[in-house]
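Here the structure comes first, spelled out in structure tokens, and everything after it is commentary.
Small disclaimer: the values here were computed from a predicted structure and weren't measured. As a basis for the values below, the full set of heavy atoms in this structure was taken, side chains included, without hydrogen atoms, waters or symmetry mates. As the structure lists them, so they are numbered: ligands from 1, and atoms in each ligand from 1.
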Amino acid sequence: MAPFSKLLTSVLVAMLYASTAVAAPWPSDARHATHRVRLVGRDAKVKLEAYHPTSSYETFGVDGLDHPLAKRDGFDLEGATVSFVKSKLDVGSDSVKFRSGYQGDNVQHAFVKQQESGIPFANAVANIAFNGDGKVVAFGSSFIKPSVIADNVPTVSLEDAIATAEKTFDGTYNGHPATLEYLARDDNTAALTHVIQIQNEATGTWVEAFVDAHSNKVLSVVDFVTKATYHVLPISKETLLQGFEDLVDPQDPEASPDGWHSDGTTANTTTTAGNNVIAYKSTTTGVAKATTLDPLTFDYTQDPTQQPTVAVNVAAAVTNAFYIVNSVHDISYRYGFTESAYNFQTNNFGNGGAGNDRVTVSVQDSAGTDNADFSTPADGQSGHMRMYLFTATSPERDGALENDVVIHENTHGISNRLTGGGTGRCLQTTEAGGLGEGWSDAFADWNQQGSDTKDYVLGQYLENNTGGIRTYPYSTSSTTNPLRYSSLKTKAEVHAIGEVWANLLHNVYAALVDEYGWSATATTDPTTSEGNVVWLHLFIDSLAIQPCSPTFVTARDAWIQADATRYGGANKCLLWKAFASRGLGVNAASYTDDSSVPADC
Ligand SMILES: *[C@@H]1O[C@H](CO)[C@@H](O)[C@H](O)[C@H]1NC(C)=O
Ligand SMILES: *[C@@H]1O[C@H](CO)[C@@H](O)[C@H](O)[C@H]1NC(C)=O
Ligand SMILES: [Ca+2]
Ligand SMILES: [Zn+2]
């Protein structure tokens with residue numbers, strides 16, 4: 001074996017080569033949908049381009065499609081799934097590994113991986129949704145037919161691969177069991193890789209490194225961290241601080257049966273630590289403690305004239321973050337982000353999914369300023385939110401006190417877990433990462449609307465800027481917000497891409513509320529028929545049935561299909577018109593607008 005320094009050199013060279021290979025000019029009709037360039041390692045000096053094969057995506061409308069075992073009595077999710085994938089993709093049983101599945105409100109979801117010699121592929125996957133009649137309604141697949149498959153016995157030891165990964169990503173192996181997986185590459189070969197989690201607390205790195213088990217080169221990365229980027233915009237209007245309120249028992253007992261302060265067993269805590277969330281400053285012992293125990297009360301009055309770091313302001317911020325992340329848990333639970341759908345809880349109460357993964361929220365995290373991020377590893381490992389201080393004002397402001405920013409971060413956990421069945425690996429391309437930013441803004445928007453749909457500005461408080469932190473308010477007016485599908489031709493950064501998607505979803509929301517009105521109880525009652533209820537159902541449903549590495553086109557198709565499955569297509573034309581109004585019509589492709597809707601609309 002080559003000496004380590006030599007190995008390292010070859011690793012770096014391999015990645016620098018990859019970086020020059022991505023100099024393809026934007027617009028480009030393929031790379032953003034299949035690749036993502038990341039700067040990794042100390043001082044972000046190394047460029048690494050990860051590849052995620054395109055997902056084909058088909059939806060089958062209200063009626064759905066039979067699977068090969070449909071004639072048999074009873075419905076067997078695994079059997080139906082494997083038989084459908086085999087027939088659809090013309091592969092043998094030994095290529096299809098059933099990974100996970102669950103019963104949603106009205107759909108059964110199944111997630112499979114391609115495998116070779118019993119070794120699963122990391123990035124060649126498929127997902128199927130069956131309706132209540134057991135018919136297939138959606139099918140996404142990134143299975144590949146590789147020209148060359150690496151030998152299935154590693155010639156590089158795990159120890160050596162770990163050393164390579166630690167060096168490359170400037171972090172430490174976190175002890176999470178490493179796996180051996182095939183990796184589909186963009187030259188249509190399949191590499192054998194050691195998959196290793198590397199973390200660095202100080203820099204906030206948390207990645208899965210894919211190290212070639214024959215060459216010991218880093219071939220790819222899954223970055224669990226979704227970062228927000230906040231830039232100031234030259235719009236200055238009035239700033240207002242929304243007041244604090246005392247909320248009594250805001251927990252939803254349907255979603256959190258043991259309340260928000262259960263320790264996951266039979267006991268309750270008296271701190272901001274519970275079954276869904278632990279919020280703290282510095283270390284997990286830095287929770288906020290109840291100011292009175294009976295009844296449990298967290299009564300900290302934030303003092304805006306003092307620095308956020310004084311004790312009362314820390315406790316107020318920790319309390320607020322705890323409240324928001326629990327609320328997001330409860331609301332999203334009602335609409336389908338449950339234990340079996342790979343949510344974040346310590347105790348899953350026997351409802352399926354992997355537990356021990358409540359969200360950990362680090363308030364006033366010392367790793368940085370003027371930002372926030374959320375890391376989403378696979379189901380069974382905690383999601384991690386880091387909120388920072390914002391330095392534009394004096395005193396500084398606390399990210400944990402801007403609800404829409406906390407919701408935005410939290411929603412990364414929802415979209416990353418629901419897409420692709422809980423792996424945290426399916427929103428890694430540039431385009432899918434952009435969609436991720438869009439869902440996060442859109443769900444914050446949803447939470448902060450009322451009976452009249454208003455233009456929505458995200459992030460006004462933190463930098464004391466009424467223009468917020470995005471380029472335009474989200475709006476039904478194309479004057480206020482001119483973003484269209486074709487705007488993607490000039491956008492290469494995920495937040496910029498996300499603004500296009502969030503504005504599309506804002507327009508869908510406005511159309512639904514215009515048509516069906518607005519429910520004031522939508523956060524706890526998903527059974528009514530107002531527009532905001534319909535929107536959130538379609539939001540959650542579509543995440544679960546869309547393919548791995550979705551694009552704007554396939555994400556839109558998932559919304560249309562979610563409506564076909566849940567509402568019999570009642571909103572088909574409304575949805576198409578809203579998407580088409582911003583260029584994402586029936587024939588939209590390759591970032592070129594189309595305003596057409598189906599002929600029957
Ligand atoms: C814990 O809190 C929940 C919700 O408030 C309550 O229903 C339950 O009785 C408490 N359990 C204990 C052991 O105090
Ligand atoms: C926020 O902006 C307003 C208007 O520009 C200004 O008057 C106020 O002092 C600012 N507040 C802080 C804390 O910087
Ligand atoms: Ca879980
Ligand atoms: Zn984000």
Looking only at protein heavy atoms, which one is nearest to atom 5 (O) of ligand 1, and what is the separation?
Gln251 NE2, 4.5 Å

Checking distances from the Zn ion (ligand 4), one finds that the N, O or S atom of His408 closest to it is NE2

Could you check whether the rings of Tyr485 and Phe552 sit parallel, tilted or perpendicular, using 30° and 60° as the cut-offs?
tilted

Evaluate the ring planes of Tyr280 and His384, with Trp represented by its six-membered ring, and classify them as parallel (under 30°), tilted (30 to 60°) or perpendicular (over 60°).
parallel

We want to know whether Ser440 and Thr411 form a side-chain donor-acceptor pair, criterion being a heavy-atom distance below 3.5 angstrom.
no

Starting from atom 2 (O) of ligand 1, find the nearest protein heavy-atom neighbour and note its residue, name and distance.
Asn268 ND2, 2.3 Å

With a cut-off of 2.8 Å, does any N, O or S atom of His495 fall short of it relative to the Zn ion (ligand 4)?
no

of all protein heavy atoms, closest to atom 13 (C) of ligand 1 is Thr266 O, 3.2 Å

Parallel, tilted or perpendicular: ring planes of Tyr335 versus His537, cut at 30 and 60 degrees
tilted

Which N, O or S atom name in Glu437 marks its closest approach to the Zn ion (ligand 4)?
OE1

Here the atoms of ligand 2 under 4.0 Å from any heavy atom belonging to Arg397 are 13 (C)

Using 30° and 60° as the class limits, which term best fits the ring planes of His261 and Phe322: parallel, tilted or perpendicular?
tilted

Can you label the angle between the Trp446 ring and the Trp535 ring as parallel, tilted or perpendicular, going by 30° and 60°?
parallel

Report yes if Asn464 has an N/O atom closer than 3.5 Å to an N/O atom of ligand 2; otherwise report no.
yes

To check your reading of the model: name the closest protein heavy atom to atom 4 (C) of ligand 1, its residue, and the distance in Å.
Asp258 O, 3.9 Å

Looking only at the side chains, is there a donor atom on one of Asn403 and Asn320 sitting less than 3.5 Å from an acceptor on the other?
yes

